[in-house]
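Here is the structure we will look at.
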Amino acid sequence: MQLIIPCNQVPFTLAVRIKTNQPENLIIQVLDNNIPKTAYISRQTNINGEREYYLNLPQSPKAALVQIFNSKTNNPLLKDKSFEVLEIKPETLEQQPVWMSQDTKAFIQFAQFFSKNAS
(Lines give C-alpha, C1' and ligand atoms only; values in the text may rest on other atoms or scores of the structure.)
Protein backbone atom coordinates (compact mmCIF):
# COMPACT_ATOMS: atom_id res chain seq x y z
CA MET A 1 0.00 0.00 0.00
CA GLN A 2 1.29 3.44 -0.93
CA LEU A 3 -0.11 6.86 -0.11
CA ILE A 4 1.25 10.36 -0.69
CA ILE A 5 0.59 12.89 2.08
CA PRO A 6 1.33 16.60 1.52
CA CYS A 7 2.98 17.81 4.72
CA ASN A 8 4.81 21.00 3.63
CA GLN A 9 7.73 20.40 6.01
CA VAL A 10 5.47 20.88 9.05
CA PRO A 11 6.04 18.63 12.10
CA PHE A 12 3.18 16.18 12.70
CA THR A 13 2.22 12.76 14.04
CA LEU A 14 0.86 10.16 11.65
CA ALA A 15 -1.74 7.88 13.25
CA VAL A 16 -2.01 4.53 11.43
CA ARG A 17 -4.46 1.77 12.34
CA ILE A 18 -3.84 -1.69 10.83
CA LYS A 19 -5.72 -4.99 11.11
CA THR A 20 -4.60 -8.54 10.33
CA ASN A 21 -6.41 -11.87 10.59
CA GLN A 22 -3.30 -13.78 11.65
CA PRO A 23 0.19 -12.87 12.86
CA GLU A 24 1.99 -10.87 10.15
CA ASN A 25 5.35 -9.12 9.95
CA LEU A 26 4.77 -5.71 8.33
CA ILE A 27 7.04 -2.85 7.33
CA ILE A 28 5.88 0.76 7.73
CA GLN A 29 7.91 3.47 5.98
CA VAL A 30 7.58 7.22 5.59
CA LEU A 31 9.80 8.45 2.75
CA ASP A 32 10.41 11.75 1.01
CA ASN A 33 8.38 11.60 -2.19
CA ASN A 34 10.70 14.07 -3.97
CA ILE A 35 14.16 13.01 -2.81
CA PRO A 36 15.13 9.36 -3.48
CA LYS A 37 16.64 7.24 -0.68
CA THR A 38 15.45 9.65 2.04
CA ALA A 39 13.57 7.79 4.76
CA TYR A 40 12.05 9.58 7.74
CA ILE A 41 10.68 6.41 9.36
CA SER A 42 11.21 2.72 8.66
CA ARG A 43 9.73 0.25 11.14
CA GLN A 44 9.30 -3.50 11.07
CA THR A 45 6.53 -4.76 13.33
CA ASN A 46 4.59 -7.90 14.18
CA ILE A 47 0.81 -7.56 14.24
CA ASN A 48 -1.83 -10.07 15.25
CA GLY A 49 -5.26 -8.45 15.16
CA GLU A 50 -5.71 -4.69 15.28
CA ARG A 51 -3.03 -2.19 16.26
CA GLU A 52 -2.57 1.57 16.14
CA TYR A 53 0.77 3.30 15.56
CA TYR A 54 1.70 6.92 16.21
CA LEU A 55 4.63 7.90 14.00
CA ASN A 56 6.19 11.19 15.11
CA LEU A 57 7.74 13.32 12.40
CA PRO A 58 9.42 16.34 14.00
CA GLN A 59 10.94 16.91 10.56
CA SER A 60 8.92 16.20 7.46
CA PRO A 61 9.31 16.56 3.69
CA LYS A 62 7.14 18.63 1.36
CA ALA A 63 5.32 15.42 0.41
CA ALA A 64 5.63 12.12 2.28
CA LEU A 65 5.26 8.73 0.66
CA VAL A 66 3.78 6.28 3.19
CA GLN A 67 4.39 2.61 2.39
CA ILE A 68 2.97 -0.33 4.32
CA PHE A 69 3.74 -3.84 3.13
CA ASN A 70 4.25 -7.41 4.27
CA SER A 71 7.87 -8.45 4.76
CA LYS A 72 7.07 -11.76 3.01
CA THR A 73 6.35 -10.00 -0.28
CA ASN A 74 8.67 -7.02 0.29
CA ASN A 75 6.68 -5.10 -2.34
CA PRO A 76 4.69 -1.96 -1.41
CA LEU A 77 3.04 -1.90 -4.87
CA LEU A 78 1.47 -5.34 -4.46
CA LYS A 79 -2.22 -5.51 -3.48
CA ASP A 80 -1.80 -7.55 -0.30
CA LYS A 81 -4.80 -9.12 1.48
CA SER A 82 -2.80 -10.22 4.53
CA PHE A 83 -3.53 -6.87 6.24
CA GLU A 84 -5.97 -3.98 6.05
CA VAL A 85 -5.17 -0.33 6.73
CA LEU A 86 -8.21 0.92 8.62
CA GLU A 87 -7.13 4.53 9.05
CA ILE A 88 -4.29 6.92 8.30
CA LYS A 89 -4.58 10.44 9.62
CA PRO A 90 -2.15 13.25 10.41
CA GLU A 91 -2.37 14.74 13.89
CA THR A 92 -0.71 17.63 15.66
CA LEU A 93 2.73 16.87 17.07
CA GLU A 94 3.10 18.22 20.57
CA GLN A 95 6.35 20.16 20.81
CA GLN A 96 8.17 21.54 23.81
CA PRO A 97 10.50 24.53 23.63
CA VAL A 98 14.11 23.59 24.29
CA TRP A 99 16.89 26.02 25.13
CA MET A 100 19.91 25.60 22.84
CA SER A 101 23.16 27.47 22.41
CA GLN A 102 23.97 29.04 19.03
CA ASP A 103 26.52 26.26 18.40
CA THR A 104 23.86 23.60 18.97
CA LYS A 105 21.38 25.39 16.70
CA ALA A 106 24.03 25.68 13.97
CA PHE A 107 24.87 21.99 14.30
CA ILE A 108 21.19 21.01 14.06
CA GLN A 109 20.79 23.07 10.87
CA PHE A 110 23.89 21.39 9.41
CA ALA A 111 22.71 17.90 10.45
CA GLN A 112 19.27 18.47 8.91
CA PHE A 113 20.80 19.75 5.65
CA PHE A 114 23.33 16.90 5.55
CA SER A 115 20.74 14.18 6.25
CA LYS A 116 18.55 15.39 3.38
CA ASN A 117 21.40 15.69 0.89
CA ALA A 118 23.77 12.83 1.84
CA SER A 119 22.44 10.31 -0.69
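Lys62 and Gln9 get closest at one heavy-atom pair: N-CG, 3.8 Å. Heavy-atom minimum distance, Asn34 versus Asp32: N-OD1, 2.8 Å. Taking both residues in full, the closest heavy atoms of Pro61 and Cys7 are given as O-SG, 3.1 Å, listed atom of the first, atom of the second, then distance. Between Pro11 and Ser60, the shortest heavy-atom distance links the atoms N-OG, 4.3 Å.
A side-chain donor from one of Ser82 and Asp80 sits under 3.5 Å from a side-chain acceptor of the other. Judged purely by distance below 3.5 Å, without hydrogens or angles, the side chains of Thr45 and Arg51 pair a donor atom with an acceptor atom.
Residues Leu65 and Val30 fail the side-chain proximity criterion, which asks for heavy atoms closer than 4.5 Å. For the pair Leu26 and Met1, the minimum side-chain heavy-atom distance is 4.5 Å or more. Using a 4.5 Å cut-off on side-chain heavy atoms (C-beta onward), Gln2 and Leu77 make contact. Looking at heavy atoms from C-beta onward, Ser71 lies in side-chain contact with Gln44 at the 4.5 angstrom threshold.
Remark: Thr20 OG1 to Asn46 CG distance equals 9.5 Å, nearest 0.5 Å. Here CD of Glu94 is found 10.0 Å from CG of Asn56. Values are rounded to the nearest 0.5 Å. Once rounded to the nearest 0.5 Å, the distance linking CG of Asn21 with CD of Glu50 reads 11.0 Å. Expressed to the nearest 0.5 Å, how far OG of Ser42 lies from CD of Gln67 amounts to 9.0 Å. For the atom pair CD of Glu24 and CD1 of Ile47, the computed distance is 9.0 Å after rounding to the nearest 0.5 Å. Atom CD of residue Gln22 and atom CG of residue Asn48 lie 8.5 Å apart, to the nearest 0.5 angstrom.
Within a 6.0 Å radius of CD in Glu52, other residues, nucleotides and ligands contribute more than 12 heavy atoms.
Among the candidates Leu14, Ile28, Thr13, the single residue satisfying the side-chain contact (heavy atoms from CB on, under 4.5 Å) test with Tyr53 is Ile28.
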Please report the C-alpha distance between Phe69 and Gln29 in whole Å, then the side-chain angles of each, then the deciding distance to 0.1 Å, and finally whether the side-chain contact (heavy atoms from CB on, under 4.5 Å) criterion is met.
CA-CA 9 Å; Phe69 54 97; Gln29 295 178 331; 3.7 Å; yes
May I have the step-by-step check of side-chain contact (heavy atoms from CB on, under 4.5 Å) for Leu93 and Leu57, ending in yes or no?
CA-CA 8 Å; Leu93 176 64; Leu57 290 130; 5.9 Å; no
Given Phe12 and Glu91, is the side-chain contact (heavy atoms from CB on, under 4.5 Å) satisfied, shown in steps?
CA-CA 6 Å; Phe12 70 100; Glu91 297 179 351; over 6 Å; no
Derivation and outcome, side-chain contact (heavy atoms from CB on, under 4.5 Å), residues Val16 and Glu87:
CA-CA 6 Å; Val16 180; Glu87 184 177 34; over 6 Å; no
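At distances below 3.5 Å, not a single donor-acceptor pair connects side-chain atoms of Thr104 with backbone N or O atoms of Met100.
Under a hydrophobic-cluster definition in which Ile, Leu, Val, Met, Phe, Trp and Tyr are linked whenever side-chain heavy atoms come within less than 4.5 Å, directly or via other members, Ile41 and Ile27 are assigned to different clusters. By the rule that hydrophobic residues join a cluster once side-chain heavy atoms approach within less than 4.5 Å of another member, Leu31 and Val66 end up as members of separate clusters. Taking hydrophobic clusters as Ile, Leu, Val, Met, Phe, Trp and Tyr residues chained together by side-chain heavy-atom distances below 4.5 Å, Ile18 shares a cluster with Leu3.
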